[in-house]
Number of protein chains: 2
Amino acid sequence: MKAADKAKHRTDMISSALRSAILERVLMPGMKLPEDSLGERFGVSRTLIRQSLERLAAEGLVELRRNKGAMVAKPSLEEARDLFELRTQIEDLVISRVIKNMSPALLAELEGHLAKEVAAEHASEPISIRLATEFHILLAKLSGSPVLLRYVEEIGYRCGLTLSLYARPHSTDCGIQEHRQIIEALSKGDADAARKLMRHHLTAVADRALFTTEEGGPLLYLDALEPYAKKVRDGGA
Amino acid sequence: MKAADKAKHRTDMISSALRSAILERVLMPGMKLPEDSLGERFGVSRTLIRQSLERLAAEGLVELRRNKGAMVAKPSLEEARDLFELRTQIEDLVISRVIKNMSPALLAELEGHLAKEVAAEHASEPISIRLATEFHILLAKLSGSPVLLRYVEEIGYRCGLTLSLYARPHSTDCGIQEHRQIIEALSKGDADAARKLMRHHLTAVADRALFTTEEGGPLLYLDALEPYAKKVRDGGA
DNA sequence: AGTGGCGAAATTGCATGCAATCAATTATAC
DNA sequence: GTATAATTGATTGCATGCAATTTCGCCACT
């Protein structure tokens with residue numbers, strides 16, 4: 001078996017599935033996540049579910065309370081602001097590093113992703129948000145720093161969660177345009193412009209998002225998880 | 001039992017104990033950490049050990065390989081450089097925020113810690129390193145951003161581990177002096193000076209440390225863990 | 001009717017057992 | 001004598017069982 005890390009462990013799949021479900025608003029903030037029910041759904045025991053939940057808790061996507069169980073995290077507006085501010089600063093660092101590594105291959109990757117975003121422009125909103133987040137993650141990957149990548153991932157996911165909580169619809173339309181501009185600036189090697197654009201991009205997203213505070217929304221139940229669970233049961237990625 | 005989170009769970013204690021042991025060079029990089037042996041030592045089952053190891057793996061202090069078990073992480077020089085570079089940039093952010101929150105109470109905390117460092121100046125080297133790391137963590141705490149705190153913690157720990165790998169003795173002496181200067185700059189509200197000092201401080205540490213590459217050193221065995229394990233068994237923090 | 005306590009159900013915390021996997025060593029064939 | 005195959009030992013991967021804790025409904029009592 002030379003395929004190195006071919007089959008990631010089931011815990012990874014489950015975490016990913018849950019993460020996607022959370023970011024795509026299938027699991028809404030505040031929902032309880034009992035180990036038993038989840039285990040049953042995913043066809044595994046509580047052990048693996050617990051590991052996954054713990055991992056997600058470390059990422060800040062779920063809250064894990066003493067003997068009370070896990071629930072999808074419900075970040076406060078204050079935390080959200082802190083997160084977005086930190087994000088702009090962290091992504092500044094990403095830009096600086098990406099500029100240093102700039103190459104045609106790298107540019108191609110970025111444009112490939114942008115194409116995906118365009119293709120999904122009229123898909124459902126949660127999916128747009130996910131793709132937009134992945135753009136930032138791709139940038140971080142191209143920065144060449146594993147740690148930086150991890151941080152951008154985490155912050156990106158949490159911001160995504162926040163957006164799903166506080167943002168109104170149609171907040172992503174102009175996002176694609178802004179991504180395109182950033183890629184252009186990068187391709188020209190213009191770090192300052194790229195940084196500025198990125199900063200503008202992020203604060204724009206934050207400003208569009210972080211003022212509506214309407215509560216509630218329909219709490220979907222675990223049944224909506226079914227498609228995600230099925231993929232894992234069948235061994236899919 | 002109103003004391004909120006009085007008794008952290010045993011997993012937390014064990015992680016902390018292991019973390020200290022690693023940072024204080026009781027567990028050297030490369031050492032194997034079998035679940036069974038550790039469980040026996042700490043008087044708990046493999047379950048808790050495994051959780052702790054996973055947590056430390058997430059922090060980058062231990063490596064967790066497929067079916068091969070856990071070992072204390074052995075960061076490469078390259079990773080180390082990346083880490084230190086990122087650290088300087090992240091701590092820039094910390095300084096900016098601390099300046100914004102500056103207050104007498106806050107200053108007092110910093111000076112309190114500095115006093116501890118001075119007091120331990122002639123204690124063992126690993127302890128000096130730990131205290132120096134904690135200075136940076138304290139700063140992050142005072143920045144008021146929980147996420148930033150977590151990142152500084154993680155990077156700080158990993159840098160500490162790196163130092164224990166690559167640094168020669170006596171690399172901390174001037175550290176205290178530099179910490180003092182940073183506090184002074186902060187107290188004057190001079191953000192630029194503080195940032196500059198911090199940057200100088202960190203690159204100085206890195207430069208002093210990251211060039212020696214002597215291999216080996218005596219691999220202590222798990223017996224050295226005993227004092228740490230005992231504390232946990234007896235329910236201590 | 002409102003409040004306090006009490007018991008049952010739900011849910012996590014932790015330990016342990018069995019199977020799967022990997023490393024190393026010995027045995028066997030060429 | 002070397003290389004390859006098989007076996008053994010150690011260690012993790014995962015499931016399950018029992019105990020501890022919390023929560024919530026229920027009834028009595030003020």
Side-chain angles (χ1 to χ4, degrees), chain A residues 1-18 27 30-58 61-73 219 221-222 225 229 232-235, chain B residues 1-18 27 30-58 61-73 219 221-222 225 229 232-235:
Chain A
M1 188 185 293
K2 204 67 294 161
D5 299 274
K6 183 201 65 174
K8 299 168 70 167
H9 279 210
R10 275 186 281 175
T11 301
D12 294 316
M13 298 183 195
I14 296 173
S15 322
S16 299
L18 286 176
L27 299 174
M31 269 187 69
K32 285 209 68 180
L33 302 170
E35 296 176 355
D36 283 357
S37 336
L38 290 177
E40 216 170 310
R41 251 181 209 290
F42 282 97
V44 301
S45 80
R46 292 179 300 143
T47 308
L48 297 191
I49 300 294
R50 171 188 294 248
Q51 281 184 0
S52 305
L53 289 177
E54 243 158 70
R55 198 174 299 185
L56 293 175
L61 288 184
V62 318
E63 276 170 44
L64 222 46
R65 267 135 73 188
R66 220 136 321 281
N67 280 302
K68 278 185 46 178
M71 60 177 240
V72 182
L219 274 201
Y221 276 25
L222 253 48
L225 242 191
V232 171
R233 284 201 304 272
D234 300 350
Chain B
M1 189 183 295
K2 204 71 285 164
D5 299 275
K6 182 201 66 172
K8 301 170 70 169
H9 279 215
R10 272 185 284 176
T11 301
D12 295 316
M13 297 183 197
I14 296 173
S15 323
S16 299
L18 286 176
L27 300 173
M31 269 187 70
K32 288 209 66 180
L33 300 170
E35 295 176 356
D36 280 349
S37 335
L38 289 177
E40 215 171 311
R41 254 186 204 286
F42 282 97
V44 301
S45 81
R46 294 176 301 146
T47 308
L48 299 191
I49 300 294
R50 172 188 294 252
Q51 283 184 0
S52 305
L53 288 178
E54 245 157 68
R55 198 173 300 183
L56 293 176
L61 288 185
V62 319
E63 276 170 42
L64 221 47
R65 266 135 74 183
R66 236 351 123 242
N67 280 300
K68 277 185 46 178
M71 60 178 239
V72 181
L219 274 201
Y221 277 24
L222 253 49
L225 243 191
V232 171
R233 284 201 306 273
D234 301 349

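Reckoned from all heavy atoms, side chains included, excluding hydrogens, waters and symmetry mates.
- For B:Glu54, the salt bridge (Lys or Arg N to Asp or Glu O under 4.0 Å) criterion is met by no residue, not counting sequence neighbours.
- Taking five base pairs at each end of the helix from C:dA1-D:dT30 to C:dC30-D:dG1 and finding the rotation axis that steps the C1' atoms of four pairs onto the next four gives two axes whose angle is 10°, to the nearest 10°.
- Closest of all the heavy-atom pairs between A:Leu48 and A:Arg10 is CD1-CB, 4.0 Å.
- The line from CG of A:Leu61 to CG of A:Leu18 is 10.0 Å long, rounded to the nearest 0.5 Å.
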(Q) One character per nucleotide, please: for nucleotides 8-21 of chain D, 5' to 3', B when the base has a protein heavy atom closer than 4.0 Å, S when only the sugar-phosphate does, - otherwise. (A) ----BBBBBB---S
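- Remark: B:Arg55 pairs with B:Asp12 by the side-chain hydrogen bond (donor to acceptor under 3.5 Å, both in side chains) rule, at least two apart or across chains.
- With sequence neighbours left out, A:Thr47 forms a side-chain hydrogen bond (donor to acceptor under 3.5 Å, both in side chains) with A:Ser45.
- With contacts defined as side-chain heavy-atom distances shorter than 4.5 Å, the pair B:Val72/B:Leu56 does not qualify.
- Every residue two or more places apart in sequence or in another chain that forms a side-chain contact (heavy atoms from CB on, under 4.5 Å) with A:Ala57 is listed here: A:Val62, A:Leu64.
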